[in-house]
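A quick write-up on the structure given underneath.
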Amino acid sequence: MPQVDQFESVFRSAIRDVFHHADPGIHSVLVVTDLDAAGAGAFAEKVKGFAAVLGEGEDLDWTVVTGDQFRTTEELQILIERESPDLICSYRNLHSRAWRFPHSLGEHLDIIVQRVPMPVLVVPHPEAGRAYEHALENTNVVMAATDHLSNDHALVNYAVKFTEAKGKIFLMHIEDDAVFERYLEAISKIPDIDTAEARESLAAQLLKQPRDYVNSCVAVLGEAGVPIELKCIVEFGRYLKQYRQHIEKESADLLVIHSKDEDQLAMHGLAYPLAIELREIPILMI
Amino acid sequence: MTATLLSASTAGAGHGTPQFGSTTFIFAFLLVAMIACLALEEKLHAKKSVIVGLFAVVGLLLAAAMGILPFGDVMLPNGHHIAMPVFIPAIDWGVICIIVGSSIFVDVTSRSGLFTWIAIKVTKASTGDPLKLLWYYGLMTVVFSAVLNNVTAMIIVGSLTGVSLKKLGRMDKLLGFLIIEGLLTNIGGLLTLISSVPNIIVGNAAGISFVKFFIVASPYVAVATVVTLLMGAKLFGIDRLATEDEKKEAAFLVSGFDENDRIENRGLFFFGAVMLLLFILVIATVSVLPVVKLLGMSFVALAFALIMLLCYKHEVDPFYKAVDWDLIIFFMALFVVINVMEHAHVLDLIGKGITMIIGDGKNSFGTGALLVSSAVFSSVTDNIPLAAMLAKILGAQGVESSSALWWAVVFGANLGGNLTPIGSASTLVAVTIIHKYKLQMSFGAFVKKAFPYAVVQIFMATVYVLLLMQLLQAE
């Protein structure tokens with residue numbers, strides 16, 4: 001019955017995903033390094049300065065892990081379980097020289113990011129020298145990126161948590177135009193569907209949902225009196241290329257992304273290439 | 001004019017002492033076969049218009065061959081004669097125009113986002129509480145069924161129910177909601193003269209005004225709605241939310257609905273709302289409005305449709321396409337079949353049978369029996385042929401417009417649809433939505449679920465009509 005479907009579409013379209021603002025609650029941070037005590041201390045201080053927005057003194061408990069406290073991934077995992085922090089902070093290619101080759105996170109982070117429930121803040125390697133000048137200075141400009149920005153309260157809440165007062169958050173949703181074109185090519189071969197109309201309606205609908213969600217985030221944070229400017233980047237494009245362009249253009253200090261995918265053991269489809277290739281700024285992987 | 005044309009075309013039928021010969025029985029068999037085919041519409045995979053259209057063609061051919069049709073010119077009110085195919089004056093163009101006009105008017109008004117705005121506002125007002133939602137959706141079903149047609153009301157409320165219960169995580173209650181809403185469409189369809197086709201046909205034939213229809217029907221509709229909702233909440237276990245957390249969560253979820261989503265043009269939205277109110281007002285007062293009363297309700301429906309179409313004057317085609325042509329052609333063919341049956345004295349034969357039931361029309365048993373038998377008949381086949389035939393028969397027998405017999409037909413024809421899923425188009429829509437959500441609901445299962453409600457509603461209607469009869473007789 002086409003009319004039932006038409007009205008269902010009308011009502012489904014009227015549903016806005018309302019942002020649910022909640023503090024993610026970060027009270028303890030575990031800084032994992034493969035450095036000696038002095039190097040680890042210096043690295044931890046740098047990170048503390050960068051993440052000052054999380055709190056100071058007794059509000060936030062910092063624990064620093066040095067290189068001699070673990071060697072294998074199992075040992076690191078046991079250590080994390082024992083400390084049970086709210087946030088882990090580390091860098092790529094622990095206990096390895098592979099940081100010279102930008103092709104992996106290293107065996108420790110590859111697994112830890114997937115195995116532990118808490119978010120992992122991956123910062124540029126202290127020796128690699130790839131970080132932007134402004135990286136690890138502050139969190140004035142934070143970007144939250146996803147390929148499906150809707151009802152993603154955790155992503156936005158972590159972005160809010162990490163953004164300094166009067167800072168900016170860019171909520172980015174990129175629709176893959178290659179996938180979109182492939183579907184439209186299939187539609188163009190179906191005589192019952194008007195291709196031009198399908199292109200227009202589908203594109204509008206795909207971008208409408210994330211835009212509505214961003215509007216909801218703006219409204220809810222405004223009502224809560226959070227002193228942060230929220231900006232919306234919702235568009236078609238190629239994931240990596242587009243994200244990189246925006247990060248460079250806005251001089252982003254932090255990128256927040258999802259890393260876990262409950263349907264698979266591997267990392268979330270968008271997270272892995274971003275974590276591998278965007279080595280110039282810190283990435284919060286939740 | 002329709003009445004004049006009809007009387008001209010039926011001039012040869014004769015209402016004196018009908019002779020029931022073999023011709024009458026051949027056509028009676030044809031009528032029974034058509035009703036059986038309508039009852040088996042789903043099994044035959046044929047649309048109503050095609051089924052009845054085929055019987056109209058066969059009926060006309062047979063009647064012409066047997067020489068029972070009054071061929072000749074039709075006399076106009078000004079005394080002029082006009083040549084016209086014999087089946088054209090057989091059609092009640094007043095009814096056809098009301099249906100075409102109203103459906104275009106409602107469709108264009110719907111485009112303004114008015115009905116979805118109301119539906120979403122109601123959802124938000126419920127704060128997501130299942131029991132409140134059931135009451136609000138139930139009342140909305142009744143009001144929409146009264147203002148729109150039953151099928152459109154069921155489509156709007158049923159599709160919203162599916163979407164909102166899914167959003168609220170209450171899909172376990174969907175079956176109960178949809179069945180109750182389906183049943184309520186037929187109660188809402190009783191509210192006004194234009195709420196359902198049987199009302200239009202019977203009301204027109206009996207000469208009942210819009211206001212009188214509303215005054216008589218509304219007390220029953222109010223009580224039956226409340227009883228149905230109370231029974232529904234009890235039998236389907238639809239309760240209020242227990243804890244504060246549940247209430248907060250539900251309120252948060254429904255707050256996500258945006259009632260303004262479909263409003264493309266604010267001006268058009270308000271214009272649609274004003275026009276809808278005006279439409280109801282003019283329809284209600286058509287019998288006392290100077291000039292307009294001469295043109296009738298069909299003119300009002302078509303005029304309002306045209307005014308609304310002016311808002312989309314460059315793109316009217318989609319609205320014309322949206323008209324239910326199956327329904328329109330079905331009516332046209334049905335009027336032709338009934339006209340043929342009239343000439344073949346089949347209606348006299350049925351009328352004789354009905355007279356045996358209703359007697360002089362002034363005894364309680366007869367009136368109650370007419371209501372119950374109309375309901376039973378409507379439960380297995382379309383209620384429109386029943387309403388059209390009975391209206392014709394009662395009219396031919398000179399039953400007064402104040403008689404409770406007309407109301408027995410109206411209540412029986414509308415409420416019979418609640419006994420089975422094929423009894424009315426709106427319950428069929430409810431079952432279609434139930435199946436769309438992969439819920440199991442066979443014919444028997446529907447009857448089992450709906451039977452208690454239908455029995456209570458028909459019992460209440462019988463008592464109500466009998467009380468009405470006492471009241472009318474006392475007057």
Side-chain angles (χ1 to χ4, degrees), chain A residues 1-23 148-157 171 173 191-194 196-198 200-224 230 232 234, chain B residues 103 106-107 110-111 113-117 119-124 144 148-149 151-168 178 248-249 251-264 318 321-322 324 425-426 428-437:
Chain A
M1 188 165 279
Q3 280 199 60
V4 173
D5 195 57
Q6 280 166 19
F7 273 100
E8 278 182 344
S9 301
V10 166
F11 291 123
R12 277 194 215 106
S13 163
I15 296 176
R16 299 277 179 277
D17 294 319
V18 180
F19 171 56
H20 192 267
H21 182 216
D23 185 350
H148 185 63
L149 180 60
S150 187
N151 261 339
D152 206 338
H153 311 316
L155 188 83
V156 182
N157 279 322
L171 295 178
H173 171 109
D192 295 344
I193 304 176
D194 183 311
E197 198 182 318
E200 196 182 328
S201 308
L202 198 57
Q205 193 56 45
L206 282 169
L207 301 185
K208 178 179 177 283
Q209 204 176 357
R211 279 184 185 143
D212 287 344
Y213 185 66
V214 175
N215 289 338
S216 165
C217 294
V218 171
V220 172
L221 291 174
E223 274 173 32
L230 214 65
C232 169
V234 177
Chain B
S103 65
V106 165
D107 205 39
S110 175
R111 171 93 175 259
L114 178 66
F115 300 116
T116 47
W117 183 87
I120 292 173
K121 272 279 182 196
V122 166
T123 306
K124 287 171 93 167
F144 277 10
L148 313 172
N149 66 64
V151 170
T152 308
M154 188 62 226
I155 287 172
I156 295 177
V157 183
S159 52
L160 174 64
T161 304
V163 172
S164 60
L165 289 186
K166 193 171 180 185
K167 177 79 179 164
L168 289 165
L178 290 174
K248 213 181 260 181
E249 170 75 8
F252 176 74
L253 289 171
V254 292
S255 71
F257 277 100
D258 180 5
E259 63 274 21
N260 298 315
D261 186 69
R262 282 287 140 174
I263 302 174
E264 294 163 0
K321 281 181 191 160
D324 190 347
S426 52
L428 201 58
V429 173
V431 173
T432 307
I433 300 174
I434 287 169
H435 289 160
K436 196 168 183 278
Y437 282 94

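Below, chains carry the letters A, B, ... as their sequence lines are ordered, and counting in each starts from 1.
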If one checks every heavy atom of B:Ile156 against chain A at 4.5 Å, the contacting part turns out to be both
Which pair of heavy atoms, one from B:Gly256 and one from A:Val18, lies closest together, and at what distance?
CA-CG2, 3.3 Å
Could you tell me the separation between the CZ atom of A:Phe11 and the OG atom of B:Ser159, rounded to the nearest 0.5 Å?
5.0 Å
Does B:Lys248 NZ have over 12 foreign heavy atoms under 6.0 Å away?
no
Determine the minimum heavy-atom distance between B:Asp261 and A:Ser13, stating which atoms define it.
OD2-OG, 2.7 Å
Worked check of side chain to side chain contact (heavy atoms under 4.5 Å, CB included) between B:Lys166 and A:Ile15
CA-CA 11 Å; B:Lys166 193 171 180 185; A:Ile15 296 176; over 6 Å; no
Taking atom OG1 of B:Thr161 and atom CD of A:Glu8, what is their separation to the nearest 0.5 Å?
10.0 Å
Can you sort out the partners of B:Phe252 under ring pair (Phe, Tyr, Trp, His ring centres under 6.0 Å), two or more places apart, ordered by chain and number?
A:His20
If the condition is salt bridge (Lys or Arg N to Asp or Glu O under 4.0 Å), which residues does B:Asp258 pass it with, not counting sequence neighbours?
A:Arg16
Would you mind checking which part of B:Thr152 comes under 4.5 Å of any heavy atom in chain A, side chain (CB onward), backbone (N, CA, C, O), both or neither?
neither
